[in-house]
S.K.: 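Right, I'll just put the structure down here and ask away after.
Note: hydrogens, waters and symmetry copies are ignored here, and every other heavy atom, side chains too, is used. Residue numbers begin at 1 in each chain, while the letters A, B, ... track the order of the sequences.
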There are 2 protein chains.
Amino acid sequence: MHVRRPATLASLAAELGVSRTTVSNAYNRPDQLSPELRRRVLETARRLGYPGPDPVARSLRTRKAGAVGLLLTENLSYAFRDPAAIGFLEGLALACEDANQGLLLVPANPEKEDVASVHRAGVDGFVVYSVPDDDPHLAAVLERPVPTVVCDQPELASVDRVGIDDEAAITQVANHLIELGHRRIGVVCMRLARDRNDGFVPPDRQRAAHFHVQRSRLAGLAAAFASAGVDWAQVPVVERFDHNTSCGASAAAQILDRDPGITALICTSDILALGALNEARRRGLRVPQDLTITGFDGIHEAERAGLTTVRQPVLEKGRAAGKLLLDAHERTRPRTVTLGTELILGSTAGPPRGAEERWFGP
Amino acid sequence: MHVRRPATLASLAAELGVSRTTVSNAYNRPDQLSPELRRRVLETARRLGYPGPDPVARSLRTRKAGAVGLLLTENLSYAFRDPAAIGFLEGLALACEDANQGLLLVPANPEKEDVASVHRAGVDGFVVYSVPDDDPHLAAVLERPVPTVVCDQPELASVDRVGIDDEAAITQVANHLIELGHRRIGVVCMRLARDRNDGFVPPDRQRAAHFHVQRSRLAGLAAAFASAGVDWAQVPVVERFDHNTSCGASAAAQILDRDPGITALICTSDILALGALNEARRRGLRVPQDLTITGFDGIHEAERAGLTTVRQPVLEKGRAAGKLLLDAHERTRPRTVTLGTELILGSTAGPPRGAEERWFGP
DNA sequence: TGCAGAGACCGTAACGGTTCAGAACCAATA
DNA sequence: TATTGGTTCTGAACCGTTACGGTCTCTGCA
């Protein structure tokens with residue numbers, strides 16, 4: 001007794017006594033054969049348990065995978081825990097849907113240097129979202145001969161780009177606080193590089209940050225506050241490797257412990273800011289009377305909390321990335337899409353402690 | 001001048017004067033050739049711009065795609081808007097990550113009957129999440145000769161299954177309300193079939209519902225309340241095709257308009273329940289004094305709102321589905337994983353109007 | 001009757017790899 | 001010296017399909 005190999009297009013053709021081309025046409029170009037023959041082909045296929053043309057073989061031949069790869073440097077599951085990432089994913093999914101393309105989430109564990117997953121991904125293009133600029137996975141993507149769009153990345157030769165003007169956006173926050181009178185501030189930022197450094201960040205690490213977004217925001221803050229006469233080197237900047245509210249809280253605590261005199265805490269994400277709010281509450285600090293706190297992103301939870309922040313169009317970012325990738329792509333120079341941002345004046349920013357007395361006092 | 005075709009394994013081998021096998025080994029089995037030759041191969045590859053073995057061709061030969069397909073009947077982007085779906089995705093992503101597999105989101109527009117996207121997906125298996133049991137995409141998946149795991153689906157021959165006991169879970173809610181004294185209730189449920197029916201649901205449509213989860217929950221409610229002497233045929237059940245808080249609100253309104261005498265509103269999802277809460281607030285109804293409202297799922301927002309609901313382990317569901325699919329799969333009988341649920345006593349369920357007087361009155 | 005043109009079907013050549021059973025070579029052992 | 005064993009590399013088969021450029025047959029019209 002022989003092992004019954006699964007039916008293929010060829011075996012089906014043999015069974016029917018027609019050519020493979022004809023069977024292929026039965027599935028892909030019904031107009032190329034008579035309805036009667038097509039019916040017979042399909043019926044025999046059913047009888048033999050032939051499931052239709054193999055998608056991989058078809059991809060090989062047509063050179064189309066019908067899917068877009070998404071590379072995130074975070075653990076895959078992280079993408080579903082961060083509201084900003086979710087918004088981005090939704091936008092990207094929308095674009096893929098429109099183009100009837102699949103969306104392949106490529107596992108890229110930041111702790112392993114193993115880029116095999118990138119090499120194995122059968123996709124027609126890549127979107128790279130917020131990875132450090134020295135990430136080996138990013139390098140692996142760039143080696144693949146498929147179009148690529150990077151998000152929140154520095155300019156890169158021959159690759160399309162989507163992002164916002166992080167420096168300008170955070171400058172709005174800075175100027176707002178400067179106008180309110182803040183001069184003694186602290187900063188809580190996200191991971192700056194692939195190595196874990198949960199603590200204060202010396203200026204050289206700030207400048208050498210491998211996450212373009214964080215680097216730009218810190219640079220924007222430094223420039224703005226320097227213009228206002230603040231010695232940036234004295235400003236406490238605390239970094240957190242993980243991204244959740246507990247980290248925001250502990251980072252805020254770290255700054256407040258060392259420098260209780262600060263009047264404002266600028267966080268480079270809403271999640272961190274929400275954590276900082278928790279810590280302020282825990283310490284009995286009133287916001288904004290005792291402490292001003294600001295965020296970045298404009299996620300839903302921030303709105304509910306009345307956070308002063310910058311809203312960036314995360315969904316639009318994802319959609320733009322998808323469109324850029326899927327648009328009939330004349331190999332011209334790389335395109336860049338820069339989306340707008342908006343300063344949201346919430347209720348967590350006010351004049352610094354003592355300012356009222358000075359302004360309205362006797 | 002000739003168009004330079006992209007380098008392939010064969011052209012690289014020719015250039016080096018070695019066999020294709022050797023080049024292949026240089027990438028896949030470094031121990032099969034001398035380090036020196038391997039170095040030469042890799043260097044020549046770099047020089048020729050050879051990006052390494054083509055993933056699709058490799059998949060064809062090895063019969064492994066390195067990815068898992070996820071089929072949702074909703075628009076792809078919906079998955080990122082529904083908290084329960086996000087939780088599921090996160091769990092599934094975790095399982096994929098562990099197994100170093102990609103996760104391909106297959107676009108399956110419920111309005112098109114076009115199942116080509118399922119046929120085109122180059123994956124080693126499918127997870128099907130909460131689709132109607134008559135969905136053509138589901139049928140297409142089942143025809144593919146790859147292992148499949150369905151979630152929240154009725155039992156299906158030869159396919160693994162993950163789910164909860166919806167009927168038992170909702171029965172807990174029902175019994176809780178029955179004990180509190182509720183006899184006049186209304187029900188708000190999610191989409192029951194592929195056709196849109198925003199309104200009251202006659203009993204036959206309830207029984208014929210194509211979404212297993214909704215059907216089971218309605219059946220559980222019907223049985224429990226019938227045992228308590230309630231004539232189920234008189235219970236207003238309202239269906240909503242879309243799934244968001246506005247729908248929950250309008251469905252609640254529809255029931256309250258027709259039947260202001262009801263004392264409890266049972267919703268088959270937290271999202272709908274949150275919408276119902278909004279509508280109650282709008283009408284000036286106190287919850288739970290004037291109206292009891294319950295949900296299902298146990299999402300974060302529900303907890304914040306103090307909703308009485310059933311918590312189901314959505315993340316665990318996704319993870320279980322992934323594990324089931326990826327576990328070395330001896331072709332035994334189909335396996336079923338049924339996860340536990342927990343009744344969450346929030347602050348939105350209380351005795352019906354007037355009950356207090358009867359219990360605690362003079 | 002001859003011939004053009006349309007419709008239906010086919011043969012061949014890729015597509016770009018992996019795999020497996022050896023061949024060739026060399027050093028060590030009996 | 002013959003045998004053994006190990007390393008390194010090769011040849012050919014195979015994975016399942018689609019693209020391309022035909023051929024063949026039949027119909028309708030001059």
S.K.: How are the rings of A:Phe80 and B:Phe80 set relative to one another: parallel (under 30°), tilted (30 to 60°) or perpendicular (over 60°)?
M.R.: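 The rings of A:Phe80 and B:Phe80 lie parallel, inter-plane angle below 30°.
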
S.K.: Would you kindly give the NE2-to-P distance between B:His119 and D:dT17, to the nearest whole Å?
M.R.: 12 Å

S.K.: OP1 or OP2 of C:dG17 sitting under 4.0 Å from any side-chain N/O of B:Tyr50?
M.R.: yes

S.K.: For DNA chain C, which residues in residues 51-66 of chain A have a heavy atom at a distance below 4.0 Å?
M.R.: A:Leu60, A:Arg61, A:Arg63

S.K.: Do the side-chain N and O atoms of A:Thr21 and A:Ser24 include a donor-acceptor pair separated by under 3.5 angstrom?
M.R.: no

S.K.: Could you check how far OH of A:Tyr27 sits from P of D:dA19, rounded to whole Å?
M.R.: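 One finds 16 Å between P of D:dA19 and OH of A:Tyr27, rounded.
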
S.K.: Report yes or no: does A:Arg335 contribute a side-chain atom to a donor-acceptor pair with the main-chain N or O of A:Arg161 at less than 3.5 Å?
M.R.: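 Here the side-chain-to-backbone pair does not exist.
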
S.K.: Should B:Val127 and B:Leu71 be marked as a side-chain contact (heavy atoms from CB on, under 4.5 Å) after you check the CA-CA gap, both sets of side-chain angles, and the distance that decides it?
M.R.: CA-CA 6 Å; B:Val127 171; B:Leu71 180 73; over 6 Å; no

S.K.: Heavy atoms within less than 4.0 Å of DNA chain C: which residues of residues 8-25 of chain B have one? Give them sorted by number.
M.R.: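 Output list: B:Thr8, B:Leu9, B:Arg20, B:Thr21, B:Ser24.
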
S.K.: Between the axis at one end of the helix from C:dT1-D:dA30 to C:dA30-D:dT1 and the axis at the other (five pairs apiece), what's the angle to 10 degrees?
M.R.: 60°

S.K.: Mind checking whether A:Phe88 and A:Tyr129 have parallel, tilted or perpendicular rings, split at 30° and 60°?
M.R.: parallel

S.K.: Taking OP1 and OP2 of D:dT8, is either one under 4.0 Å from a side-chain nitrogen or oxygen of B:Arg38?
M.R.: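 No, no such contact exists.
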
S.K.: Any side-chain heavy atom of A:Val41 sitting closer than 4.5 Å to one from A:Arg38?
M.R.: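 The answer is no, as the side chains (C-beta and beyond) never meet within the 4.5 Å cut-off.
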
S.K.: Is there a side-chain contact between B:Arg58 and B:Asn28 in this structure, where contact means two heavy atoms from C-beta onward sitting under 4.5 Å apart?
M.R.: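 The answer is yes; the side chains approach within 4.5 Å.
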
S.K.: Just wondering, do B:Val118 and B:Phe126 contact through their side chains at under 4.5 Å, heavy atoms?
M.R.: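 Contact flag for B:Phe126/B:Val118 side chains = yes.
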
S.K.: Between A:Val68 and A:Val123, is any pair of side-chain heavy atoms under 4.5 Å apart?
M.R.: no

S.K.: In whole angstrom, what separates B:Arg29's CZ from D:dT7's C1'?
M.R.: 15 Å

S.K.: Starting at atom CG of B:Leu33, determine the distance to atom C1' of C:dA24, rounded to an integer number of angstrom.
M.R.: 16 Å

S.K.: Could you tell me how far apart A:Gln32 (CD) and D:dA19 (P) are, to the nearest whole angstrom?
M.R.: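 Spelled out: CD on A:Gln32 to P on D:dA19 is 11 Å.
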
S.K.: Run the salt-bridge test on B:Glu43 and B:Arg47 with the 4.0 Å N-O cut-off and return the result as yes or no.
M.R.: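 A salt bridge is absent here (no side-chain N lies under 4.0 Å from a carboxylate O).
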
S.K.: Salt bridge check: are B:Lys64 and B:Asp124 linked by an N-O gap of less than 4.0 Å?
M.R.: no

S.K.: Rounding to a whole Å, what distance do you find between A:Asn28:CG and D:dG16:C1'?
M.R.: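 From A:Asn28 CG to D:dG16 C1': 13 Å.
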
